[in-house]
J.: 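Attaching a single structure in structure tokens format; questions to follow.
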Amino acid sequence: MDNGFDADVIVIGAGGGGAVAAKELGERGLKVLILEAGPWYGNRKWPEPNTSAGAQESLSNEDLDIQLLKTNFTDLEDDMNDLITGKFRWGPADRSKGPWPRIIEKGGFVWQSAGVGGTTLLYFANCPRAYPAAFEREWPISYEEMVPYYEEVEQTLPVREATATSKEDLFLYGARKMGFTYTNEINLTKPGFRLQPNGILGINPMLNNPDFDLENNQAVGCTLRGHCINGCCIGPNVGSVAKRSTLVSYIPYALATGNVDIMPNSFVTAIHTGQNEEEGLFASSVTVRNTWTGEIREFKAKVIVLSAGSIESPRLWLNSGLPENEWVGKGLTTHMIDCVSGIFEEEDLMNILGMSEVKPYAGQNSAARMDYPGLGAFEPFGTSPGINSTMIYGTSQKGYYFQNQTREEEAWDREGIIAGELLKEFMRNYNKTLSIVVFSDDDVSQKNGVTLDPERRDENGYIPVISYEISDADREKRDQLVGLAAELLKKAGAKTVSRANWPPDVCAHIMSTMRIGFVTDTNCEASQVKRLFIADNSVLCNGLGGPNPTLTTQALAVRTAEKIAEKYFPSAKKA
Ligand SMILES: Cc1cc2nc3c(=O)[nH]c(=O)nc-3n(C[C@H](O)[C@H](O)[C@H](O)COP(=O)(O)OP(=O)(O)OC[C@H]3O[C@@H](n4cnc5c(N)ncnc54)[C@H](O)[C@@H]3O)c2cc1C
């Protein structure tokens, strides 16, 4: 680059939002440098991504290698998903080192992954739009303005109506029995059930072919093998992998522009500013620490896009000493996720499904949903048994099940952690279990969010402290929605129903800690620091009413890239 700049735009983080912004900017001919804290799987320049430092950067789709990705992503639950040592953890590529610490005040946990692809590496790829009503509450831009950007991402990922397997058939049967109706709306204003809009390619045409060879297949499409959360690697090349994490969608699209350079294992520890009369304070450069060697470098760009996710984006702002703002790190929403599960009798399953088991591990991790504007959303899910048992039996704010008395008006039979003989019995029945995950519409509160521990640091700066307290009104909404999910299981014929009752500070949908209209202007440019834009879940203005957040973040990132180009690179046009 000329003029002492390393790039036109630096993007911090290659996850759900950052990869989208990079692709959009690269397509306008702008030189983009992505700095990503975690490893890069499926790239020949890092043949052993967890055991050796590999190269510094990659700029080309030629480096991507599906066979390597297939050896990196193993289907083994611990290997992939363990929060401490798994490949999809919040920590450095070198798994002999511990994860990067966070302090969660009330004892929940943060479920997030470092690496090219970010947390979309393990996401289910459910891609619903926000509820329009959520935009009417606090957003400074209208839902209508978002629609073309939604359409753009839906076509690009692409998003398709999911294919149901037995767990969805059973869920839809229960939903009908409850009196709910199918909805074919995508801009949802009233309750209804539907197949998920998923960022997963259509069914692989070779699926029913007896010669189908999973390892060497050249056909494109989803095989319904049920490992979305362990890292999908089904496809003849990286860019055609069925589940559209940004690793296999927006990153290859970004590389294809020839303008995007990506450096994994590069943790940004500070954003630096300059000052001039015209702009006041503006972002000018970043400090980066190589997570293998500890080498420190500085990179300069004309614009910086912060896409480090809803915990690290405010952490980096605060660690960089950027101006005080009463909303930086504040307003965290989590959807207060909870799970319920029901176990069915073989005979009932035969009558409903024509088979004696639910086989919850088969198919896409979630292929149907119930939307309930005003309360949130819930969806059936099934994963490999270890992850499922953790989610439905091993995570609770209520202690063990035998410590809790269920009230008559509650639709579940027990709540809390299931252990001992009962756990063994329930897991023996895993094949006959239907699980539902519930996302409730939590309101923004300035009390909830991310601050820095004043003393404890890791190699990247002061450690983030996450605090989240549920309000009485939100608890009521959550209980109501969980009650509906439990009732659905009963109506479908479940003989016994358990509620996990997750701590509401378990963060998997982590949102709204750098809110549009509060920390940024309506273009997602920081109001106090010019040339610093935000493009990740943190810039969402609220929890969207309950729908899974990534599609909205990505749609907003497309819009933000457009605004960056208009303001700072007016001659840059999309090819
Ligand atoms: C089990 C699970 C299932 C999910 N399923 C769905 C789903 O079906 N649909 C849906 O919409 N959402 C789902 N989500 C949530 C989804 O993963 C997130 O909404 C999405 O990934 C958020 O995008 P982001 O850009 O905000 O953050 P991330 O995707 O987490 O990306 C942030 C990136 O920034 C990097 N980074 C952080 N700090 C720095 C730094 N200082 N320097 C350099 N790089 C940095 C990180 O390593 C990471 O790669 C799921 C989450 C979980 C845990």
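Indexing begins at 1, ligand by ligand and atom by atom, following the structure's order.
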J.: Below 3.5 Å, N or O to N or O, backbone or side chain included: is there any such pair between Y123 and ligand 1?
T.: no
J.: May I ask you to check whether G17 has an N/O atom sitting below 3.5 Å from an N/O atom of ligand 1?
T.: yes
J.: Give the atom numbers and elements of ligand 1 that come within less than 4.0 Å of a heavy atom of E312.
T.: 37 (C), 38 (N)
J.: Do T119 side-chain atoms and S113 backbone N/O form a donor-acceptor pair below 3.5 Å?
T.: yes
J.: Please check whether A125 reaches ligand 1 - meaning an N/O of the residue sits under 3.5 Å from an N/O of the ligand, judged on distance alone.
T.: yes
J.: Checking a contact table here: which protein heavy atom is nearest atom 30 (O) of ligand 1, and how many Å away?
T.: T119 OG1, 2.6 Å
J.: Could you tell me the residue and atom name of the protein heavy atom closest to atom 49 (O) of ligand 1, and the distance to it rounded to 0.1 Å?
T.: E36 OE1, 2.7 Å
J.: How close do V558 and E152 get, counting heavy atoms only, and between which atoms?
T.: CG1-CG, 4.0 Å
J.: Which is it for A535 and ligand 1 at heavy atoms under 4.0 Å: side chain, backbone, both or neither?
T.: neither
J.: Is there a donor-acceptor contact under 3.5 Å linking the side chains of S512 and T333?
T.: yes
J.: Test your reading of the structure: does W111 have an N or O sitting under 3.5 Å from an N or O of ligand 1?
T.: no
J.: Taking I229's backbone N and O only, do any of them form a donor-acceptor pair with N81's side chain (distance below 3.5 Å, no angle check)?
T.: yes
J.: Just heavy atoms, cut-off under 4.0 Å: does L35 contact ligand 1 by side chain, backbone, both, or neither?
T.: backbone
J.: Can you tell me which portion of S307 lies within the under-4.0 Å heavy-atom range of ligand 1? Options are side chain, backbone, both, or neither.
T.: backbone
J.: Tell me the protein heavy atom at minimum distance from atom 5 (N) of ligand 1, and give that distance in Å.
T.: F124 N, 3.0 Å
J.: Under 4.0 Å from a heavy atom of F267: give me the atoms of ligand 1 that qualify, with their elements.
T.: 40 (C), 41 (N), 42 (N)
J.: Which atoms of ligand 1 sit under 4.0 Å from any heavy atom of V268?
T.: 40 (C), 41 (N), 42 (N), 43 (C)
J.: When you look for heavy atoms under 4.0 Å from ligand 1, do you find them on the side chain of S538, its backbone, both, or neither?
T.: neither
J.: Between F267 and W100, does the ring centre distance come in under 6.0 Å?
T.: yes
J.: Would you mind listing which atoms of ligand 1 come within a distance below 4.0 Å of any non-hydrogen atom of Q112?
T.: 30 (O)
J.: Between Y253 and Y250, what is the ring plane arrangement, given parallel below 30°, perpendicular above 60°, and tilted in between?
T.: perpendicular
J.: As an exercise, state the distance from CZ of R289 to CG of N460, rounded to the nearest 0.5 Å.
T.: 5.5 Å
J.: Counting only N and O atoms by type, is there a donor-acceptor contact under 3.5 Å from the side chain of N230 to the main-chain atoms of L122?
T.: no
J.: Does ligand 1 have an atom that lies less than 4.0 angstrom from a heavy atom of I12?
T.: yes
J.: Can you tell whether the side chains of E562 and R559 come within less than 4.0 Å, N to carboxylate O?
T.: no
J.: With heavy-atom distances below 4.0 Å as the criterion, list the atoms of ligand 1 near G115.
T.: 47 (O), 49 (O)
J.: Checking the side chain of D371 only, and the main-chain atoms of Y131 only, is there a donor and an acceptor separated by less than 3.5 Å?
T.: no
J.: With only distance considered, is L316 within less than 3.5 Å of ligand 1 through an N or O on each side?
T.: no
J.: Which atoms of ligand 1 sit under 4.0 Å from any heavy atom of A114?
T.: 47 (O)
J.: What protein heavy atom sits nearest atom 15 (C) of ligand 1, and how far away is it?
T.: A508 O, 3.6 Å
J.: What distance separates L255 CG from S58 OG, expressed to the nearest 0.5 Å?
T.: 6.0 Å
J.: L122 to ligand 1: N or O pair under 3.5 Å?
T.: no
J.: Test your reading of the model: is there a side-chain donor-acceptor pair from N319 to the backbone of Y462, 3.5 Å cut-off?
T.: yes
J.: To which protein heavy atom is atom 45 (C) of ligand 1 closest, and what is the distance rounded to 0.1 Å?
T.: A37 CB, 3.6 Å
J.: So, applying side-chain contact (heavy atoms from CB on, under 4.5 Å) with V110, which one of I466, T334, L83 is it?
T.: I466
J.: Taking the minimum heavy-atom distance to atom 16 (C) of ligand 1, which of V20, L306, L540, T550 ranks first?
T.: T550
J.: Between H335 and F439, what is the ring plane arrangement, given parallel below 30°, perpendicular above 60°, and tilted in between?
T.: tilted
J.: Suppose we measure from atom 22 (C) of ligand 1 to each protein heavy atom; which comes out shortest, and what is that distance?
T.: N537 ND2, 3.4 Å
J.: Less than 6.0 angstrom from the centroid, inside 45 degrees of the normal: does K87 satisfy that with respect to the ring of F73?
T.: no
J.: Taking the minimum heavy-atom distance to atom 9 (N) of ligand 1, which of N126, I34, I337 ranks first?
T.: N126
J.: Check each atom of ligand 1 against the heavy atoms of W90 and keep those under 4.0 Å away; list them by number with element.
T.: 37 (C), 38 (N), 46 (C), 47 (O)
J.: Numbering the atoms of ligand 1 from 1, which are under 4.0 Å from a heavy atom of S266?
T.: 42 (N), 43 (C)
J.: Describe, in one word, how the ring planes of F109 and W502 are oriented to each other, choosing from parallel (under 30°), tilted (30 to 60°) and perpendicular (over 60°).
T.: tilted
J.: I need the nearest protein heavy-atom contact for atom 27 (O) of ligand 1: residue, atom name and distance, please.
T.: G309 CA, 3.8 Å
J.: Name the closest protein heavy atom to atom 39 (C) of ligand 1, giving the residue it belongs to and the distance to 0.1 Å.
T.: A308 CB, 3.7 Å
J.: Can any side-chain N or O of R95 pair as donor or acceptor with the backbone N or O of T85 at less than 3.5 Å?
T.: yes
J.: Under 3.5 Å between any N/O of A14 and any N/O of ligand 1: does that happen in this structure?
T.: no
J.: Return a yes/no value for G16: is any of its N or O atoms, backbone included, closer than 3.5 angstrom to an N or O of ligand 1?
T.: yes
J.: When you measure from the side chain of D79 to the backbone of G86, do you find a donor-acceptor pair of N or O atoms at a distance under 3.5 Å?
T.: no
J.: Heavy-atom distances under 4.0 Å are what count here, so tell me which part of S113 touches ligand 1: side chain, backbone, both or neither.
T.: backbone
